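Here the structure comes first, spelled out in structure tokens, and everything after it is commentary.
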Amino acid sequence: MKLGVCYYPEHWPEDRWAEDARLMRESGLSVVRIGEFAWSRIEPEPGRFEWDWLDRAVDVLHAEGLRIIMGTPTATPPKWLVDRMPDMVALDREGKPRGFGSRRHYCFSHDGYRDEAARITRAVAERYGQHPAVTAWQTDNEYGCHDTVQSFSPAARDAFRVWLAERYECVDALNEAWGNVFWSMEYRSFDEVELPNLAVTEANPAHWLAFRRFSSDQVVRFNRVQVEILRELSPGRDITHNAMGFYTGYDHHDLAADLDVLGWDSYPLGFLEMFRFSEEDKTRFAHCGHPDIAAFHHDLYRGCAKDGRWSVLEQQPGPVNWARHNPAPLPGMVRLWTLEAYAHGAELVSYFRWRQFPKAQEQMHAGLLRPDASPAPALAEVRSTADNLADLGAADEAEKQAVLVFDYQAEWMTQIQPQGEGKSALWAAFHCYSALRRLGLNVDIVHPDEPLNGYALVVLPCLPIVSEPLAANLDAFKGGIVIGPRTGSREENFAIPATLPPGKLEALMGGRIVLSESWRDGLAIKGDGWRATGWFDHYEGDAIPDMTGTDGRVACWKHGTTRYAACWPQGSFIERVVERAAQDAGLSASVLPDHIRRRRCGNRVFTFDYLAATVSHARAE
Ligand code: GAL
């Protein structure tokens with residue numbers, strides 16, 4: 001695994017670049033990511049390119065032997081472009097334009113902007129596609145950041161109509177599939193379909209799901225235009241993109257199918273502050289991050305990536321600027337996060353960023369250097385981590401133990417129709433993942449159509465649509481299976497299956513769900529050392545009770561080697577379900593303290609102690 005850094009030569013005087021490059025190399029960094037926001041410097045006026053400065057920056061980095069990941073600058077279209085084409089900006093849910101003044105101010109469906117993005121990509125690729133230092137490309141930057149995948153613009157509406165016509169062929173098929181007879185929502189032509197944002201109350205969930213699928217497809221299409229240009233002009237170089245944390249706005253499996261390497265941006269402390277963790281955990285783990293945040297994404301994106309190739313393209317080296325509170329990592333955390341990425345199979349960890357820029361939006365965001373160019377604490381840690389990595393050599397393959405099945409549209413569906421506050425397929429997946437990791441297990445996260453061979457335990461946290469391949473793979477699966485609520489509860493167009501949930505999984509579960517309740521936290525089934533809440537599915541069939549509460553209600557059912565969690569998969573309840581399933585599946589599983597995690601690679605076992613910020617590794621017995 002290599003180490004790298006995100007660098008913005010355009011922020012600094014040219015006479016500093018050589019010193020920066022030398023210091024990077026001496027710090028053990030061998031990869032530099034540049035260029036992704038530099039459009040206004042590359043093309044200051046329409047059609048007038050200024051390459052000299054970037055040529056020299058590339059040469060300076062090359063002279064130090066650094067390899068370059070060049071970004072296409074399409075996340076930051078310059079002012080002159082927006083002024084020429086004002087309707088290229090996205091419109092938000094309320095119909096307001098998302099204007100110039102920061103970044104990502106474009107609509108994925110705007111044909112004119114897509115052409116401009118292709119034009120600048122071609123220009124950059126023509127210039128650097130064959131440069132020996134440029135070994136990889138990053139398309140754009142963080143698709144979807146600042147909530148920018150969905151656009152409610154006229155361009156999006158028109159493209160949505162075309163997308164629907166291709167998918168449903170005749171509008172009666174759409175009316176039928178969506179159940180538009182309800183509330184007189186029937187259309188006479190695709191041209192009558194509006195976007196789902198401005199309806200008086202909730203729009204048809206099938207309408208929203210179609211719009212979410214469409215919006216995701218638009219991202220993939222936008223990206224593909226760049227990929228094709230880069231493949232033509234810079235053959236043999238890897239193409240990557242940087243995904244985000246806890247972000248599901250587009251289908252990453254689809255995007256990754258066009259990339260060589262899927263990257264992601266790891267900000268464990270920022271994510272802890274901004275996402276759904278208890279106040280207690282936010283305080284307890286404030287300086288190290290919750291121990292499953294980074295690993296969950298490593299495993300998720302490895303599973304999305306074509307051929308399993310993935311990287312961390314941005315790694316927090318100190319406080320960020322964008323969370324509710326922005327603490328510093330403990331000494332040792334930059335090393336821990338880096339080695340954890342290594343143990344999960346990353347090809348690269350690249351720190352964001354080289355030097356803290358004293359101006360503009362991210363002036364409070366740390367870098368490896370302070371604004372005055374003196375070293376920030378992380379720089380020495382990076383240097384010593386590079387030495388650790390050199391000693392470790394290539395990571396061994398991780399043993400297959402448990403596998404979790406995740407699908408982006410599952411999260412879209414639970415967002416569209418949560419049915420109970422906060423009931424999210426993504427967070428169900430995170431909680432199941434966390435429960436498996438507390439048992440010290442290696443966890444893979446895979447797309448529903450992936451084969452399940454070789455695993456002892458498969459977990460479906462919450463998967464409303466069950467695909468044919470998944471149903472067939474589960475039928476043939478010999479190990480333990482854990483199925484969470486809402487799984488199999490919907491068909492392709494959001495309808496409840498004619499045979500009731502779990503639809504295709506009825507035989508596996510030996511019965512059906514005849515009623516689903518969602519519960520406020522005060523409503524719960526309590527058992528010996530566990531408490532189940534949030535949701536309650538009423539099951540009818542041949543399964544036997546596996547976990548029964550003191551009041552006699554069944555929170556988990558068992559049919560053969562399949563368990564059905566009838567309550568929301570979270571907390572002590574899912575920990576107990578997963579522990580029982582792991583034991584039955586023959587996985588040696590004892591519960592780790594909440595701040596310790598393990599990963600077994602070949603015959604080496606890594607132990608990560610988050611609160612102590614230490615990593616150790618030993619040969620397994
Ligand atoms: C990422 C983004 C970077 C930078 C960073 C700050 O989301 O890709 O450009 O803004 O956050 O943490």
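All heavy atoms count here, side chains included; hydrogens, waters and symmetry mates do not. Atoms within each ligand, like the ligands themselves, are counted from 1 in listed order. Computed from a prediction, not measured in an experiment: that's the story for all the values here.
A donor-acceptor pair is defined here as one N or O able to donate and one able to accept, closer than 3.5 Å; such a pair exists between the side chain of His297 and the backbone of Phe246. Of the possible donor and acceptor atoms, none in the side chain of Trp337 sits under 3.5 Å from a partner among the backbone N and O of Gln316. Checking side-chain atoms of Arg67 against main-chain N and O of Val31 turns up no donor-acceptor pair under 3.5 Å.
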Show your reasoning for whether side chain to side chain donor-acceptor pair (under 3.5 Å) applies to Gln150 and Ser215. CA-CA 6 Å; Gln150 291 175 50; Ser215 300; 5.5 Å; no
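Taking CH2 of Trp137 as the start and OG1 of Thr72 as the end, the distance is 8.0 Å to the nearest 0.5 Å.
Sorted by first and then second residue, the salt bridge (charged side-chain N to carboxylate O under 4.0 Å, His left out) pairs with a member in residues 343-363 read Arg103-Glu362, Arg309-Glu347; sequence neighbours excluded.
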What are the atom names and distances for all N or O pairs under 3.5 Å between ligand 1 and the protein?
| residue | atom | partner | partner atom | Å |
| --- | --- | --- | --- | --- |
| ligand 1 | 7 (O) | Glu142 | OE1 | 2.4 |
| ligand 1 | 7 (O) | Glu142 | OE2 | 2.9 |
| ligand 1 | 8 (O) | Asn141 | ND2 | 2.9 |
| ligand 1 | 8 (O) | Glu142 | OE1 | 3.3 |
| ligand 1 | 8 (O) | Glu142 | OE2 | 3.3 |
| ligand 1 | 8 (O) | Glu314 | OE1 | 3.2 |
| ligand 1 | 8 (O) | Glu314 | OE2 | 2.8 |
| ligand 1 | 9 (O) | Arg103 | NH1 | 2.8 |
| ligand 1 | 10 (O) | Arg103 | NH1 | 3.3 |
| ligand 1 | 10 (O) | Arg103 | NH2 | 2.9 |
| ligand 1 | 10 (O) | Glu362 | OE1 | 3.4 |
| ligand 1 | 10 (O) | Glu362 | OE2 | 2.4 |
| ligand 1 | 12 (O) | Tyr267 | OH | 3.4 |
| ligand 1 | 12 (O) | Trp322 | NE1 | 2.7 |
| ligand 1 | 12 (O) | His365 | NE2 | 2.7 |

